[in-house]
Peer 1: 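Here it is: the structure, laid out below.
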Amino acid sequence: MSESQLWDAVDDYFSAQLSPNDEALEAALRDSEAAGLPHIAVSAPQGRFLQLLAQIQGARTILEIGTLGGYSTIWLARALPEDGRLISLEYSSRHAEVATRNIARAGLDRLVEVRVGPALESLPKLADENPPPFDLVFIDADKVNNPHYVEWALRLTRAGSLIVVDNVVRQGRVADADSTSPDVVGTRAAIELIGTHPRLTGTAIQTVGAKGYDGFALARVL
């Protein structure tokens with residue numbers, strides 16, 4: 001068994017024991033695949049992790065940057081109370097259409113709003129609405145803009161809010177200070193912002209599993 005096969009087997013075991021099959025989630029994955037969306041959604045253990053973070057946080061309002069097919073959106077929205085709110089920003093109208101159907105099938109459309117367009121255009125418009133501070137922000141979009149997304153997350157949160165940035169390891173390439181790859185440059189800038197900003201305290205964790213070798217960053221707003 002190769003290393004990646006072992007990672008997959010462990011994730012399969014964890015999923016079977018801790019994240020049993022759920023028709024709405026499975027259907028979201030099936031429909032996303034049928035629509036030709038890229039296979040970059042979080043894994044089931046990662047989705048459960050996000051849900052637990054939102055529950056531990058006691059989140060009533062969540063901002064997601066990067067909807068894809070709505071798989072992570074469903075996990076996060078299930079952590080909200082009946083009067084909670086989740087706004088998810090998605091660049092692709094085609095992805096948003098798939099996600100909207102998946103979210104509605106999961107019975108969560110009353111809690112979730114998917115907004116279409118470049119996030120760096122949607123975020124100022126959202127700020128102009130002066131919404132209540134978001135309790136949790138999940139960033140999982142184009143990596144080159146990660147530092148901008150973290151900065152916007154700071155503007156839209158409060159002391160005690162949690163910011164989660166996905167895919168920060170980049171198969172280890174994040175450690176390469178000489179890399180000119182936009183995804184690495186953007187991710188390094190976000191990590192350095194978290195490490196130096198006076199209103200943030202955070203860490204980053206490496207992970208292996210069905211999604212390969214990657215990781216996430218966590219930052220708490222002070």
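Being a predicted model, the structure only gives us computed values, none of them experimental.
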Peer 1: Between the main-chain N or O of Ala35 and the side-chain N or O of Arg94, is there a donor-acceptor pair closer than 3.5 Å?
Peer 2: yes
Peer 1: For the pair Thr67 (side chain) and Gly70 (backbone), establish whether a donor and an acceptor sit closer than 3.5 Å, ignoring hydrogens and angles.
Peer 2: no
Peer 1: Could you walk me through whether Val98 and Arg101 satisfy the side chain to side chain contact (heavy atoms under 4.5 Å, CB included) test, starting with their C-alpha distance in whole Å, then the side-chain angles of each, then the deciding distance to 0.1 Å, before giving a yes or no?
Peer 2: CA-CA 5 Å; Val98 175; Arg101 290 196 300 269; 3.6 Å; yes
Peer 1: Measure the CD-CD1 distance between Gln51 and Ile56 for me, rounded to the nearest 0.5 Å.
Peer 2: 10.5 Å
Peer 1: Taking only residues two or more places apart in sequence, or in another chain, which ones meet Asp176 in a side chain to side chain contact (heavy atoms under 4.5 Å, CB included)?
Peer 2: Asp178, Ser179
Peer 1: Report yes or no: do Tyr149 and Asp142 form a side-chain donor-acceptor pair below 3.5 Å?
Peer 2: yes
Peer 1: Under the rule for side chain to side chain contact (heavy atoms under 4.5 Å, CB included), what residues qualify as partners of Ala217, not counting sequence neighbours?
Peer 2: Val165, Val168, Ile191, Ile194, Ala204
Peer 1: Taking only residues two or more places apart in sequence or in another chain, which ones pass side chain to side chain contact (heavy atoms under 4.5 Å, CB included) with Leu222?
Peer 2: Thr201
Peer 1: Whether the side chain of Ser32 engages the backbone of Leu37 through a donor-acceptor N/O pair (distance < 3.5 Å, no angle test) should be reported.
Peer 2: no
Peer 1: Tell me whether Asp214 contacts the main-chain N or O of Val169 through its side chain, where contact means a donor paired with an acceptor under 3.5 Å.
Peer 2: yes
Peer 1: Do Ser72 and Glu64 meet the criterion of a side-chain donor-acceptor pair at a distance under 3.5 Å?
Peer 2: yes
Peer 1: For residues Ala28 and Tyr71, report the shortest heavy-atom separation together with the two atoms involved.
Peer 2: CB-CD1, 4.5 Å
Peer 1: Does any part of the side chain of Arg158, heavy atoms only, come nearer than 4.5 Å to the side chain of Asp135, both counted from C-beta?
Peer 2: yes
Peer 1: Cut-off 3.5 Å, side chains only: do Ser43 and Gln46 have a donor facing an acceptor?
Peer 2: yes
